[in-house]
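We count ligands from 1, going down the list as the structure has it; atoms in each ligand are counted the same way.
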Amino acid sequence: MKIGIIGAGSIGLLAGAYLGEHHEVHMFVKSEEQRSALAAEGITCGEFPCPVPVYAHLVTEMKEGYDLWLVTIKQHAMDGFLEQDLPADAPYVFLQNGMGHLEKLAQSGLRSCVGVVEHGALAKGPNEVVHKGKGNIQIAVYRRMEPAHGQALSKELHTAHFPVFFKADYEPMLKSKLIINTVINPLTALFSQPNHSILTNPSIHELARLLCEEACSVLGLSFFDEWERVKTIAETTGENHSSMLRDITEHRLTEVDSISGYILDHGKIPLPYHHFVVHAIHALEYERGVRKR
Ligand code: PAF
């Protein structure tokens with residue numbers, strides 16, 4: 001397949017390297033510096049003996065003629081992305097944390113799947129990524145696509161080293177990932193701790209449990225099941241720094257609004273712990289000069 005990958009952060013680079021082994025991969029990025037590094041040197045990933053060659057373009061150069069678009073940009077870049085005049089001859093797979101993008105996506109009229117990523121990945125430079133935890137990608141059709149088409153796409157993308165699974169229903173898939181992110185990400189970012197602190201620090205553990213309870217009540221999920229899953233992910237990704245901690249450390253806007261903010265916006269009862277973490281993360285963003293107010 002001729003695949004366009006939008007965004008070359010850790011997940012975009014990881015997907016580019018693995019998919020580039022079997023498909024014609026074109027990376028679409030914002031900066032000329034990153035474009036030229038990718039075009040000249042390909043993607044370096046420790047799992048591969050040599051860099052994986054890819055084509056590279058600026059994101060403003062997207063055009064028709066591709067078989068699939070994989071969108072790996074962060075939530076806060078989604079509004080601007082969807083406002084562009086986007087090619088509509090191929091389906092899109094959107095791989096964002098949180099659920100804040102769904103409404104806009106529905107309005108866009110694009111043929112779309114949404115997905116969740118359970119890999120640990122760390123970008124080390126404009127064209128280098130470290131695969132820190134082997135997981136999988138799950139996708140489900142969202143708008144204007146038949147399930148059979150989504151399933152066929154997942155089969156074409158799937159390999160033993162880079163598994164891509166098809167899910168029949170997008171909502172439970174996104175909700176379960178949202179619970180993981182709304183519990184682990186803000187706490188690890190606020191306390192500058194790796195993911196296992198959810199298990200090893202008794203006070204962070206208690207805050208995590210309370211966030212999980214609030215989120216499960218809003219999303220109508222079983223606390224018992226979800227809390228077990230959160231603890232399992234905190235253990236399996238133990239040494240990882242969550243994406244929110246990395247955003248804070250590297251002075252970038254986080255995805256807190258479409259993760260914890262999504263829970264807060266959809267709650268019908270007071271959610272004091274989510275209220276606190278949204279404002280606490282905003283405060284860190286403000287102090288780092290990436291949030292205006
Ligand atoms: O956002 C992240 O960092 C990841 O989704 C997760 C699962 C919390 C692991 O670090």
Side-chain angles (χ1 to χ4, degrees), residues 7 9-15 70-78 93-101 114-124 129-139 162-165 167 170 172-201 204-205 207-209 211-212 215-216 219 221 225-263 274 277-278 281 284-285:
S10 47
I11 298 303
L13 289 173
L14 190 74
L70 206 62
V71 185
T72 69
I73 57 176
K74 294 274 181 142
Q75 277 282 359
H76 45 78
M78 281 289 285
V93 174
F94 287 89
L95 297 177
Q96 279 67 40
N97 274 335
M99 293 174 68
H101 55 312
V114 287
V116 300
V117 180
E118 293 192 348
H119 289 283
L122 184 61
K124 284 278 188 192
V129 63
V130 180
H131 197 178
K132 284 181 83 86
K134 288 215 172 198
N136 61 60
I137 292 183
Q138 297 153 35
I139 66 169
F162 194 67
V164 180
F165 299 120
K167 293 278 173 183
Y170 73 89
M173 173 187 80
L174 292 186
K175 281 183 173 178
S176 285
K177 182 75 193 302
L178 182 59
I179 295 272
I180 304 285
N181 290 131
T182 203
V183 176
I184 296 181
N185 294 28
L187 293 177
T188 52
L190 284 174
F191 297 108
S192 294
Q193 291 298 318
N195 292 353
H196 64 63
S197 64
I198 302 293
L199 305 171
T200 54
N201 181 313
I204 298 182
H205 185 83
L207 292 170
R209 192 184 64 74
L211 281 172
C212 189
C216 287
L219 298 176
L221 299 176
D225 295 346
E226 299 304 321
W227 181 227
E228 287 310 309
R229 270 180 9 87
V230 168
K231 288 190 290 186
T232 304
I233 301 278
E235 193 175 344
T236 53
T237 64
E239 293 302 322
N240 279 16
H241 285 188
S242 73
S243 51
M244 202 172 286
L245 172 55
R246 292 204 305 269
D247 285 340
I248 288 294
T249 314
E250 290 162 31
H251 291 211
R252 290 190 298 258
L253 264 184
T254 71
E255 297 182 298
V256 73
D257 288 334
S258 43
I259 296 176
S260 319
Y262 181 92
I263 301 286
H274 277 79
V277 295
V278 168
I281 294 290
L284 290 180
E285 292 173 341

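- Against a heavy-atom cut-off of under 4.0 Å, Asn97 is close to the following atoms of ligand 1: 1 (O).
- Using a 4.5 Å cut-off on side-chain heavy atoms (C-beta onward), Gln193 and Asn201 make no contact.
- With hydrogens and angles ignored, the 3.5 Å screen pairs a side-chain donor or acceptor of Lys177 with a backbone N or O of Val117.
- Sparse packing is recorded around NZ of Lys167, with 12 or fewer heavy atoms of other residues, nucleotides or ligands lying under 6.0 Å away.
- Against a heavy-atom cut-off of under 4.0 Å, Ser242 is close to the following atoms of ligand 1: 3 (O), 10 (O).
- Nearest protein neighbour of atom 8 (C) of ligand 1, counting heavy atoms only, is Asn185 OD1, 3.1 Å.
- In terms of protein heavy-atom proximity, atom 10 (O) of ligand 1 is closest to Asn195 ND2, 2.9 Å.
- Summary of contacts: the protein heavy atom closest to atom 6 (C) of ligand 1 is Asn181 ND2, 4.3 Å.
- Side-chain atoms of His274 do not come within 3.5 Å of backbone N or O of Ile263 as any donor-acceptor pair.
- Nearest protein heavy-atom neighbour of atom 2 (C) of ligand 1: Ser243 OG, 3.4 Å.
- For the 3.5 Å distance criterion, the side chains of His101 and Ser258 fail to qualify, holding no donor opposite an acceptor.
- Remark: the backbone N or O of Glu255 is not paired with any side-chain donor or acceptor of Gln75 at under 3.5 angstrom.
- The residue from Ile11, Ile259, Ile233, Val117 that puts a heavy atom closest to atom 7 (C) of ligand 1 is Ile233.
- Against a heavy-atom cut-off of under 4.0 Å, Lys177 is close to the following atoms of ligand 1: 5 (O).
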